[in-house]
Asker: 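Would you mind keeping the following structure in view while I ask a few things?
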Amino acid sequence: MCGIFGYVGGERDARDAVLEGLQQLDYRGYDSWGIATYDGTLHTDKKVGAVPRTMARLPGHTGIGHTRWATHGSVTDVNAHPHAASDGSFVLAHNGIVENADELKRTLSRAGYAFNTQTDTEAIVRLVELNAKKHPLPEAVRLACRELTGRNTIIVLAKNGTVIAVKNGSPLVLGRGAERGVHYISSDVLSFSAHVREVAVLENEQMIVLEGTRVSGKTLQGRTFTPRFEKNAIVGAKVSKDGFPHFMLKEIHESGAVVRAVMKSPQKQLGDVAQVIRRARHVYCIGSGTAGAAAAQIAYYLRVYGRINATELIGAEASDRLPFFTKRDVIIAPSQSGETADVLEVLEYAQARGATIVTYVNMPGSSMSRLADHSFMAQAGPEICVMSTKIFVSQLAWGYLLAKTVGGKRKAALSALRSLARALDSFLTDASTRRRIRDAAMLFSKSNHLFLIGKGQNKQIIKEGMVKIIEGAYVHAHGIPAGDLKHYAITLMEKGTPVIAVVSKDSLQSDVLNAIHEVKARGARVFGIAPSPSPHFDSYLPTPECGETSAIFNVVPLQLLAYEMAVMRGNNVDKPRNIAKSVTVK
Ligand code: GLU
């Protein structure tokens, strides 16, 4: 995953500029960080841990930086990026995985190169060094990148102050600052938005060379190009917690607003896509992690409200389906970042086979939205907490609207979403709600494991609740489809076993209530999230009647529960251990 940042051509202190950029990028990984600057010579500082608020001075007005999510090599200062050439002629930071690193390292070792880190990145460094024996550095970088397999984006700072960046797979954007000749380079637009007026989103296999105020571009095939700048749509964007103790809580409180944003989805575009879906041979919905649960829920909505036999796919587990993609298929991908590598790879493959790609992302200019035949923007505002909450709500609301549009009931969907947004607003500002969720969290945060049960429209919701509790609270949770309970997990029910039951007033309600009976009979302690009380609930959170959008509502109390549990357990709520928000490696 990793975040890459660079600052060139201006008067700002490079350490400050890069540090500020990395602070905004650390959702991409926070195992270690590193900055290198240039003031006639190179200076580097890098350490294990999240990007700091302040650091020691590094002189110079040109610099690069990196925040790491380790894929190859443990989390140590030595493995932190940037990595230096043996002769100190440049430093290099990397986002991606060099899939042929072992092979390259073997060849380079035979050529006499030594490896001081455990990273795959060092293979790129030594390969550039080898090429630099015969070529100027930009050319050496270009030739080295041609030999890498996998998705690899890099940034290099040379000992003469030149910055070279190559985009391949993982994202990279070039920003033009307000003053002439100032350039920023980063893994995302938001990280430099306060300083940048124009943005050029780089394409795969493009290399940018920044020498002072001069910019030039070359593809890895050797063709020169001029980066195409566009107005920065999110200029001056600043992110703040708005008085909330954590971004997660703030973002959960934006649930009503994101549903209203979905209601503004362009009618014509929805209608066009609905038509494409109706005519498709097959529709696949794909995502990873939380977006995987969203994709599955979108497929559910398409089946129930669109009468479309849609199939859900998990990004990393789609390889067995690839041979079946045809030009008559539609692939729908919801994604926060629009950069998720395993999903992106499936989309690229499907597109090459002629399938139609529909994306729903929250990052303008992301790889997925640029690749899509039909790209929808969530317009949900930045989501900073590494755990996705409001974007999940947004993805579900959009999927519901799309499915209802396919079924010819767009207007009914809009009115249901309007009521949902109102219900979410009042739920989130109700003090008794918060108290009940806190009481439940108090109980659950002491457990080593807990269970969630639900059915039908709530099947993916309990899965997502499970994901949030595992991610945020580090408590083992297990989501069980209510009907499947008796086939296996019932063996684990004993006196005091904590169970969260999510119930909606629908045709499946009695099946869920039966499952609750079954766990109660074995002594489980049940917390009900339901529109009406039941004598079998030990504790209960009343939810409003939300009809078809009930599942979208129900995820919010589960998110709040995971939040409270994470706080009570003293965890780093906005940055849970070991994960990153934008998973740009496979
Ligand atoms: N593979 C590199 C490392 O482990 C970069 C990781 C990444 O981009 O996530 O250091």
Side-chain angles (χ1 to χ4, degrees), residues 1-7 18-36 44-52 63-84 91-99 101 117-125 141 145 148 150-157 163-174 184-192 202 204 288-289 335-345 363 366-367 384 386 575-586:
M1 311 182 216
C2 297
I4 283 178
F5 200 86
Y7 171 75
V18 177
L19 188 62
E20 185 190 294
L22 290 185
Q23 282 161 356
Q24 316 241 18
L25 284 176
D26 74 350
Y27 70 87
R28 304 178 69 85
Y30 29 84
D31 285 335
S32 62
W33 62 275
I35 294 182
T44 304
D45 195 0
K46 52 182 196 172
K47 283 187 183 62
V48 161
V51 181
I64 66 167
H66 184 265
T67 177
R68 179 174 188 232
W69 187 85
T71 67
H72 289 58
S74 45
V75 178
T76 59
D77 289 350
V78 172
N79 286 339
H81 302 217
H83 295 285
V91 290
L92 181 151
H94 165 222
N95 175 194
I97 293 178
V98 183
E99 287 173 4
T117 78
Q118 302 159 315
T119 64
D120 50 338
T121 307
E122 212 182 352
I124 317 179
V125 177
V141 168
C145 285
L148 308 178
R151 311 173 85 85
N152 296 289
T153 288
I154 60 164
I155 190 161
V156 176
L157 174 60
V163 170
I164 305 157
V166 177
K167 142 91 165 113
N168 205 8
S170 315
L172 201 65
V173 281
L174 180 65
Y184 288 80
I185 195 143
S186 176
S187 303
D188 80 14
V189 177
L190 197 61
S191 58
F192 57 42
L202 298 181
N204 282 340
S288 297
S335 167
Q336 195 288 131
S337 64
E339 300 294 348
T340 318
D342 46 28
V343 174
L344 205 48
E345 219 163 85
M363 278 283 179
S366 65
S367 303
I384 304 301
V386 166
K575 290 183 196 141
R577 66 188 179 201
N578 301 340
I579 57 171
K581 192 165 186 66
S582 179
V583 188
T584 58
V585 293
K586 279 199 300 165

Asker: Measure the CG-CD1 distance between Leu92 and Ile64 for me, rounded to the nearest 0.5 Å.
Answerer: 7.0 Å
Asker: To the nearest 0.5 Å, what is the distance between CD1 (Ile384) and CD (Gln24)?
Answerer: 7.0 Å
Asker: For His66 and Cys2, indicate whether the former's side chain and the latter's backbone hold a donor-acceptor pair under 3.5 Å.
Answerer: no
Asker: Under 3.5 Å, side chain of Asn204 to main-chain N/O of Gly169, donor-acceptor pair present?
Answerer: yes
Asker: With rounding to the nearest 0.5 Å, note down the distance linking CD1 in Ile155 to CD1 in Ile4.
Answerer: 6.5 Å
Asker: Checking side-chain contact (heavy atoms from CB on, under 4.5 Å) for the pair Ile154/Val141: CA distance, chi angles, key distance, verdict?
Answerer: CA-CA 9 Å; Ile154 60 164; Val141 168; 3.9 Å; yes
Asker: Under a 3.5 Å distance rule, please check whether Gln118 uses its side chain to pair with a backbone N or O of Ser74 as donor and acceptor.
Answerer: yes
Asker: Just by modelled atom types, is the Gly29 backbone N or O under 3.5 Å from a matching donor or acceptor in the Thr67 side chain?
Answerer: yes
Asker: Indicate yes or no: at least one non-hydrogen side-chain atom of Trp33 is less than 4.5 angstrom from one of Lys47.
Answerer: yes
Asker: Does the side chain of Ser366 pick up a donor-acceptor pair with the side chain of Glu339 at under 3.5 Å?
Answerer: no
Asker: Which heavy atom of Thr121 sits nearest to which heavy atom of His83, and what is that distance?
Answerer: CG2-CD2, 3.7 Å
Asker: Would you say Asp120's side chain and Val98's backbone share a donor-acceptor pair under 3.5 angstrom?
Answerer: yes
Asker: Looking only at the side chains, is there a donor atom on one of Ser191 and Ser186 sitting less than 3.5 Å from an acceptor on the other?
Answerer: yes
Asker: Checking Tyr30 side chain against Ile579 main chain: does a donor-acceptor pair fall under 3.5 Å?
Answerer: yes
Asker: I'd like to know if the side chain of Trp69 and the backbone of Ser32 have a donor-acceptor N/O pair within less than 3.5 Å.
Answerer: no
Asker: Is the shortest side-chain heavy-atom distance between Tyr7 and Phe192 below 4.5 Å?
Answerer: no
Asker: Work out which heavy atom in Thr119 is nearest to a heavy atom in Glu122; give both atom names and the distance.
Answerer: OG1-N, 3.3 Å
Asker: Starting from the C-alpha separation in whole Å, work towards a yes-or-no answer on side-chain contact (heavy atoms from CB on, under 4.5 Å) for Ser335 and Val343.
Answerer: CA-CA 9 Å; Ser335 167; Val343 174; over 6 Å; no
Asker: Taking all atoms of both residues into account, what is the closest heavy-atom pair of Asn168 and Gly150, and its distance?
Answerer: ND2-O, 4.5 Å
Asker: Any side-chain to backbone donor/acceptor pair from Lys167 onto Val173? Under 3.5 Å, distance only.
Answerer: no
Asker: List the atom of Ser367, the atom of Leu344, and the distance in Å for their closest heavy-atom pair.
Answerer: CB-CD2, 3.7 Å
Asker: As an exercise, state the distance from CD1 of Ile35 to CG of Leu19, rounded to the nearest 0.5 Å.
Answerer: 4.5 Å
Asker: Within a strict 4.5 Å, meaning less than it, do heavy atoms of the Asp188 and Tyr27 side chains meet?
Answerer: yes
Asker: Within the distance-only criterion (no hydrogens, no angle test), does the side chain of Asp77 pair as donor or acceptor with the backbone N or O of Val48 below 3.5 angstrom?
Answerer: yes
Asker: Grab the two heavy atoms, one from His81 and one from His94, that are nearest each other, plus how far apart they are.
Answerer: ND1-N, 3.2 Å
Asker: Give, for atom CG of Asn578 and atom CG of Asp31, the distance between the pair rounded to the nearest 0.5 Å.
Answerer: 7.0 Å
Asker: For Val75 and Ala70, which heavy atoms make the closest approach, and how far apart are they?
Answerer: CG2-CB, 4.0 Å
Asker: Working to the nearest 0.5 Å, report the span between OG1 of Thr44 and NZ of Lys46.
Answerer: 7.5 Å
